[in-house]
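One structure is given below, encoded as structure tokens.
These numbers were taken from a predicted model, which means no experiment stands behind them.
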Amino acid sequence: MHVATLLVSPERGGLTAGIVDALARDWGGGDTRWLAPAIAAEFDLAGRPADLWTRWELLQAQGVDLVVQPAAGRRKRMLLADMDSTMIQQECIDELADEAGVGPRVAEITRRAMNGELDFEGALRERVGLLKGLPVSVIGKVLAERITYTPGGRELIATMHANGGHAVLVSGGFTSFTGPVAAHLGFDENRANTLLSAEGALTGEVAEPILGRAAKVAALEEISARLGIAEADVIAVGDGANDLGMLERAGTGVALHAKPAVAAQCDVRVNFGDLTALLYIQGYAREEFAA
């Protein structure tokens, strides 16, 4: 048995019974269950439809995300989340670079690295090198003035906690950002790289070894083993090429507003919904969300 979930941006709404019921009828699905009026709905299916991606493309043109997955085991026991452009709406290193006067140069390297065009570790060293001499105090300024949170993050973590879940923030960014972000959103733990500094300024170096794609997979393996859960019990979310390893290994890997080359390799793609999409995908109705 499979489940088809349709969802839209909670800010825009606009998911109609006509859209959902027409798809259910064409696919021989069951009755529609509304998870949130005008935002998210689901129905049961006997199996995975052969024309899934054709219908997905048609719905994308209407601003609707579509996810089809096995019904069994879709409620997960651990969230493993990327930070930059996932739990927050910025790339922290780009914001630091902007303060340092090298914003466009660093942003282009970031774009290419996240799309899989550059080696992540090499690209990170290059970008951090351009921050040499930046006062450490700028990190606090960026956190206070430039960082905004992706809608739905606190509801996602609180609801998973309320249902016995564990939440981990794992980033190719920096601990100076993941610590405050994890505390604000309610993550249980966080892993990231460490920016090195001396006499109140960044040295242009990052502590080795660099946490990249392999380290995110290692976090999935180590933390799930420590908690005594299977990797199938994990829902992972990210947007960049360095997230692909954990997205492929997790029971459910969600490409959230992901780079095109990344989304193309993932079965679960959310381009319009926010982080509450991860709850709807697991079958939670809006009234089940924890505050």
Side-chain angles (χ1 to χ4, degrees), residues 1-76 79 85-87 89 148-160 162-163 235 237-239 247 251-260 262-264 266-291:
M1 183 66 69
H2 282 59
V3 175
T5 307
L6 293 86
L7 53 96
V8 298
S9 163
E11 289 187 1
R12 184 178 64 84
L15 184 63
T16 67
I19 293 173
V20 181
D21 293 346
L23 185 63
R25 182 176 60 252
D26 290 349
W27 280 352
D31 294 338
T32 297
R33 297 185 296 273
W34 283 95
L35 303 174
I39 296 172
E42 66 179 24
F43 57 84
D44 294 328
L45 287 168
R48 184 182 176 90
D51 65 341
L52 169 58
W53 292 112
T54 299
R55 300 305 292 261
W56 178 85
E57 289 180 356
L58 292 172
L59 287 168
Q60 287 283 289
Q62 300 178 65
V64 179
D65 289 318
L66 168 66
V67 175
V68 175
Q69 61 182 322
R74 63 180 171 138
R75 286 204 175 183
K76 305 304 183 183
L79 168 69
S85 298
T86 300
M87 299 305 302
Q89 296 177 308
T148 56
Y149 292 88
T150 304
R154 298 186 83 168
E155 292 92 333
L156 168 62
I157 294 168
T159 302
M160 292 198 68
N163 289 272
I235 184 169
V237 60
D239 74 303
L247 296 180
T252 301
V254 181
L256 181 76
H257 298 235
K259 310 304 181 284
V262 176
C266 298
D267 282 341
V268 181
R269 309 169 190 174
V270 175
N271 292 322
F272 301 105
D274 61 19
L275 285 163
T276 59
L278 275 71
L279 293 173
Y280 295 130
I281 288 168
Q282 294 181 77
Y284 289 101
R286 183 66 185 83
E287 58 265 24
E288 295 180 272
F289 290 6

For a quick test of reading the model, state the closest non-hydrogen atom pair linking [X] to [Y] and the distance between them.
X: Met1; Y: Leu45; answer: SD-O, 2.8 Å
X: Leu275; Y: Gly153; answer: CD1-CA, 3.6 Å
X: Gly14; Y: Val8; answer: N-CG2, 4.3 Å
X: Leu256; Y: Gly273; answer: CD1-O, 4.1 Å
X: Gly29; Y: Phe43; answer: CA-CD1, 4.0 Å
X: Leu66; Y: Ala4; answer: CD1-CB, 4.4 Å

Would you say [X] and [Y] make side-chain contact, with heavy atoms under 4.5 Å?
X: Leu58; Y: Trp53; value: no
X: Leu35; Y: Arg286; value: no
X: Gln282; Y: Thr252; value: no
X: Leu156; Y: Thr276; value: no
X: Ile281; Y: Gln69; value: yes
X: Pro10; Y: Asp274; value: yes
X: Leu15; Y: Leu7; value: no

Check step by step if side-chain contact (heavy atoms from CB on, under 4.5 Å) holds for His257 and Thr86. CA-CA 8 Å; His257 298 235; Thr86 300; over 6 Å; no
List the steps, then state whether side-chain contact (heavy atoms from CB on, under 4.5 Å) holds for Ile39 with Tyr280. CA-CA 10 Å; Ile39 296 172; Tyr280 295 130; 4.0 Å; yes
Enclosure of Asp51 CG (heavy-atom neighbours >12, cutoff 6.0 Å):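 Check passes, neighbour count above 12.
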Does any N or O in the side chain of [X] come within less than 3.5 Å of the main-chain N or O of [Y], such that one atom is a donor and the other an acceptor?
X: Arg12; Y: Gly63; answer: yes
X: Glu57; Y: Thr54; answer: no
X: Thr159; Y: Ala290; answer: yes

Stepwise side-chain contact (heavy atoms from CB on, under 4.5 Å) check, Glu42 with Val3: CA-CA 7 Å; Glu42 66 179 24; Val3 175; 3.8 Å; yes
Once you round to the nearest 0.5 Å, how far does [atom1] of [X] lie from [atom2] of [Y]?
X: Glu11; Y: Phe272; atom1: CD; atom2: CZ; answer: 14.0 Å
X: Leu247; Y: Asp267; atom1: CG; atom2: CG; answer: 11.0 Å
X: Leu278; Y: Ile235; atom1: CG; atom2: CD1; answer: 4.0 Å

Arg75 to Tyr284 six-membered ring, cation-pi geometry met (6.0 Å, 45°):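 Relative to the ring axis of Tyr284, which defines the angle, Arg75 lies inside both limits.
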Looking just at side-chain N and O atoms, do Asp21 and Thr32 make a donor-acceptor pair shorter than 3.5 Å?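 Checked: Asp21/Thr32 side chains pair up, N/O donor to acceptor below 3.5 Å.
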So, Gln89 versus Thr148: side-chain donor-acceptor pair below 3.5 Å or not?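 Looking only at side-chain atoms, Thr148 and Gln89 do form a donor-acceptor pair, the distance falling under 3.5 Å.
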Do Asp65 and Arg269 meet the salt-bridge criterion of a basic N to acidic O distance under 4.0 Å?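 So Arg269 does not pair with Asp65 through a salt bridge.
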Check the pair Asp26, Arg55 against side-chain contact (heavy atoms from CB on, under 4.5 Å), reporting the backbone distance first and the verdict last. CA-CA 10 Å; Asp26 290 349; Arg55 300 305 292 261; 3.1 Å; yes
